[in-house]
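Have a look at the structure below before the remarks.
Because the structure is a prediction, the values reported are computed rather than measured.
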Amino acid sequence: MSTTDHLEIRRWAESREAAPIAHRAEGLGFDFPDYDDDIDPMTWDRWFAEFDARDLEFVYQASETERQTNYFLLRPRNHDQALTTQDARAPRSL
């Protein structure tokens, strides 16, 4: 699944006790419990501002079992793909 909806991304991260961060070498990401990376904590506002400025989309695996996965990918948005949850509710402005 993929989305650009800020609330959906934040819910996904917080359900895994993850906080928004910037990796010094890799860019945006999340700080999950028990991970020890070279990171810079960020506010959600700053994280989403950077997410939007880079025109990214959030790709994640919807858990089909009781076991939750932390898999995600941030990639450039493909504006030709299917509409996101947010887009399905309201048309895009031109």
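In this structure, the side chains of Gln61 and Met1 stay at 4.5 Å or more apart for every pair of heavy atoms. The closest side-chain heavy-atom distance from Leu28 to Met42 is below 4.5 Å.
Across all non-hydrogen atoms, the minimal contact from Pro33 to Glu17 is CD-O, 3.4 Å. Looking at every heavy atom in both residues, Arg16 comes nearest to Thr69 through NE-O, 2.7 Å.
Remark: Arg11 pairs with Leu7 by the side chain to side chain contact (heavy atoms under 4.5 Å, CB included) rule, at least two apart or across chains. In this view, Phe51 and Trp47 satisfy the ring pair (Phe, Tyr, Trp, His ring centres under 6.0 Å) rule, not counting sequence neighbours.
In this structure, CG on Leu56 lies 9.0 Å from CD1 on Ile9, to the nearest 0.5 angstrom. Here CZ of Arg75 is found 5.5 Å from OG of Ser2. Values are rounded to the nearest 0.5 Å. Between the OG atom of Ser15 and the CG atom of Asn70 there is a distance of 8.5 Å, given to the nearest 0.5 Å. For the atom pair Ile39 CD1 and Asp31 CG, the distance stands at 3.5 Å (nearest 0.5 Å).
Within 6.0 Å of CZ in Arg54 there are more than 12 heavy atoms belonging to other residues, nucleotides or ligands.
Alongside Tyr71, the hydrophobic cluster contains Val59, Leu73 (criterion: ILVMFWY side chains under 4.5 Å).
Classification of the Phe32-Phe72 ring pair by plane angle, with boundaries at 30° and 60°, yields tilted. Ring pair Trp44/Phe30 is tilted by interplanar angle, where 30° to 60° counts as tilted.
The closest side-chain donor-acceptor pair between His6 and Asp52 falls under 3.5 angstrom. For the residue pair Thr3 / Glu8, a side-chain donor-acceptor distance below 3.5 Å is found, with atom types taken as modelled.
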